[in-house]
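Because the structure is predicted, anything quoted here is derived from the model rather than measured. Heavy atoms only: backbone and side chains are in, while hydrogens, waters and symmetry mates are out.
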Amino acid sequence: MTKTICFLSLLAATTVLAAEPAKSPNVTINLINRLVQKGVLSADDARDLIQQAEQDAAEAKAQAGAAPATKDTVSVRYVPEIVRLQIRDEIKEEIMQQARAENWAAPNAVPGWVSRFNVKGDIRVRYESLLFPDGNDNSGVFPNFNAINTGAPFDTTGTSFSPQRNVDQDRDRLRLRARIGAEINVGDGFTAGMRLATGDNNSPVSANQSLGAASSSGGGNFSKYAIWLDRGFLQYQLGGTPKENLTIAAGRFDNPFYTTSEVVWDSDLGFDGFAVRG
């Protein structure tokens, strides 16, 4: 009962009164009415508190051999000042934690739409060397099939090699990867997302940019680097249990398959089209 009185006194000291409630000669009842007016307690909870307080007071009087307490009588035992201060600080800290968690301490501090955005990104700079052993066969036995399939048609009857993988020329380079993206909670289970990334070219599995390299994507002679659309999708999710949700995605999105290794699909690979997962 003592801790309840200190709690009510602390809240009463910080309450801004909006309307004058019905007054009572009992301090505790007035405090409870103020909490109801503030919206901290409901009317039903307030009635329950008053009844419990009256019952506790009556039992305390009976145990002390005194007459039963009347309706407006409240029994409060003496609590040392140091104990009251300690209880007040503990209750104040609990209230402030709840206020920060529920955002009613400063409800207008941050607009509500800000919490719908989840922005994330990364920047990586590294130096790498690609070293090949002597004697590798560079006579056209390592074709670059991705370059062949995505580029101009290749004449297999000609005298020139198809685009080949580098297997014999060592390379030292400084590499940069920068990515930034955001996911937006549109509401009703819908999420929209996009990500931008650097890259020497439109490689499906790499967003690395070679610094200072003269190429179609920039970097040589102090020119700017290319930025690619790495992700762009709309997703709908039904359910609340991870790995058991029904997820529908369209656009360019992360690997929708459940895999435990990069042997099948590279972690940076983006998938185009439409996917359903459940």
Side-chain angles (χ1 to χ4, degrees), residues 117-184 192-235 249-275 277:
F117 284 79
N118 180 22
V119 180
K120 52 188 176 183
D122 61 88
I123 296 178
R124 182 182 70 190
V125 179
R126 72 184 185 189
Y127 178 83
E128 66 180 32
S129 295
L130 301 178
L131 306 177
F132 297 94
D134 296 333
N136 275 5
D137 189 349
N138 62 354
S139 59
V141 295
F142 296 102
N144 187 342
F145 292 105
N146 187 65
I148 296 173
N149 294 331
T150 59
F154 176 71
D155 184 5
T156 59
T157 63
T159 59
S160 61
F161 288 145
S162 63
Q164 295 290 307
R165 295 285 184 183
N166 176 32
V167 296
D168 62 345
Q169 296 181 8
D170 295 343
R171 178 182 298 175
D172 296 299
R173 54 187 177 176
L174 189 63
R175 303 275 269 173
L176 166 69
R177 187 186 72 181
R179 302 182 297 186
I180 185 169
E183 292 186 1
I184 308 169
M194 67 174 297
R195 186 173 73 187
L196 302 177
T198 56
D200 277 336
N201 49 52
N202 61 349
S203 168
V205 295
S206 176
N208 290 308
Q209 172 70 53
S210 296
L211 298 181
S215 64
S216 59
S217 58
N221 299 324
F222 304 100
S223 60
K224 296 180 176 64
Y225 295 120
I227 295 293
W228 303 85
L229 179 61
D230 193 36
R231 296 289 188 273
F233 63 88
L234 182 64
Q235 177 178 284
R252 163 157 284 204
F253 39 81
D254 290 334
N255 180 7
F257 299 103
Y258 291 114
T259 58
T260 59
S261 172
E262 294 187 12
V263 174
V264 180
W265 302 113
D266 190 278
S267 60
D268 290 331
L269 182 65
F271 283 71
D272 296 342
F274 178 82
R277 180 174 65 186

To the nearest 0.5 Å, atom CD1 of Ile180 lies from atom CG of Asp122 at 10.0 Å
When every non-hydrogen atom of Ala207 is compared with those of Thr198, the smallest separation belongs to O-OG1, 2.8 Å
Looking only at heavy atoms, the pair that brings Asn166 and Phe132 closest together is O-CZ, 3.3 Å
Applying side chain to side chain contact (heavy atoms under 4.5 Å, CB included) to Asp134 and not counting sequence neighbours gives none
Is a donor on one side and an acceptor on the other found under 3.5 Å between the side chain of Gln235 and the backbone of Ala249? no
Kindly determine whether Ile184 and Met194 satisfy side-chain contact (heavy atoms from CB on, under 4.5 Å), including the steps that lead there. CA-CA 9 Å; Ile184 308 169; Met194 67 174 297; over 6 Å; no
Is the backbone N or O of Pro204 less than 3.5 Å from a side-chain atom of Asp268, with the two atoms forming a donor-acceptor pair by type?
no
Across all chains, not counting sequence neighbours, the ring pair (Phe, Tyr, Trp, His ring centres under 6.0 Å) partners of Phe253 are none
Are the side chain of Gln164 and the backbone of Ser162 linked by a donor-acceptor contact shorter than 3.5 Å? yes
Please confirm whether the backbone N or O of Arg195 pairs with a side-chain atom of Asp230, one donor and one acceptor, at under 3.5 Å? no
The side chain to side chain contact (heavy atoms under 4.5 Å, CB included) partners of Ala250 (sequence neighbours excluded) come to Phe274
Residue set satisfying side chain to side chain contact (heavy atoms under 4.5 Å, CB included) with Asp254, at least two apart, ordered chain then number -> Arg231
Applying salt bridge (Lys or Arg N to Asp or Glu O under 4.0 Å) to Glu128 and Arg171, what does each step give before you reach the verdict? CA-CA 8 Å; Glu128 66 180 32; Arg171 178 182 298 175; over 6 Å; no
Taken to the nearest 0.5 Å, the spacing of Asn202 CG from Leu229 CG works out to 12.5 Å
Test side-chain contact (heavy atoms from CB on, under 4.5 Å) on Val125 and Leu174; report intermediate values, then the result.
CA-CA 7 Å; Val125 179; Leu174 189 63; 4.2 Å; yes
For Arg252, the salt bridge (Lys or Arg N to Asp or Glu O under 4.0 Å) test, sequence neighbours excluded, returns Asp272
Ser267 meets the side chain to side chain contact (heavy atoms under 4.5 Å, CB included) criterion, sequence neighbours left out, with Glu262
So CG of Asn201 and CG of Asn208: to nearest 0.5 Å the spacing works out to 10.0 Å
* To do: Please test Lys120 against Glu183 for side-chain contact (heavy atoms from CB on, under 4.5 Å), starting from the C-alpha separation and ending with a verdict.
  => CA-CA 9 Å; Lys120 52 188 176 183; Glu183 292 186 1; 3.7 Å; yes
dist Leu211:CG -> Tyr225:OH (nearest 0.5 Å) comes out at 4.0 Å
Taking every heavy atom of Ser206 against every heavy atom of Arg175, the minimum-distance pair comes out as OG-NH2, 4.1 Å
query = Taking everything shown except Ile123 itself, do over 12 heavy atoms lie less than 6.0 Å from its CD1?
reply = no
Between the CD atom in Gln169 and the CG atom in Asn136, the distance rounded to the nearest 0.5 Å is 11.5 Å
Shortest non-hydrogen pair, Ala226 vs Gln209, comes out as N-OE1, 4.5 Å
* Asked: Parallel, tilted or perpendicular: which describes the rings of Trp265 and Phe271, with under 30° parallel and over 60° perpendicular?
  -> perpendicular
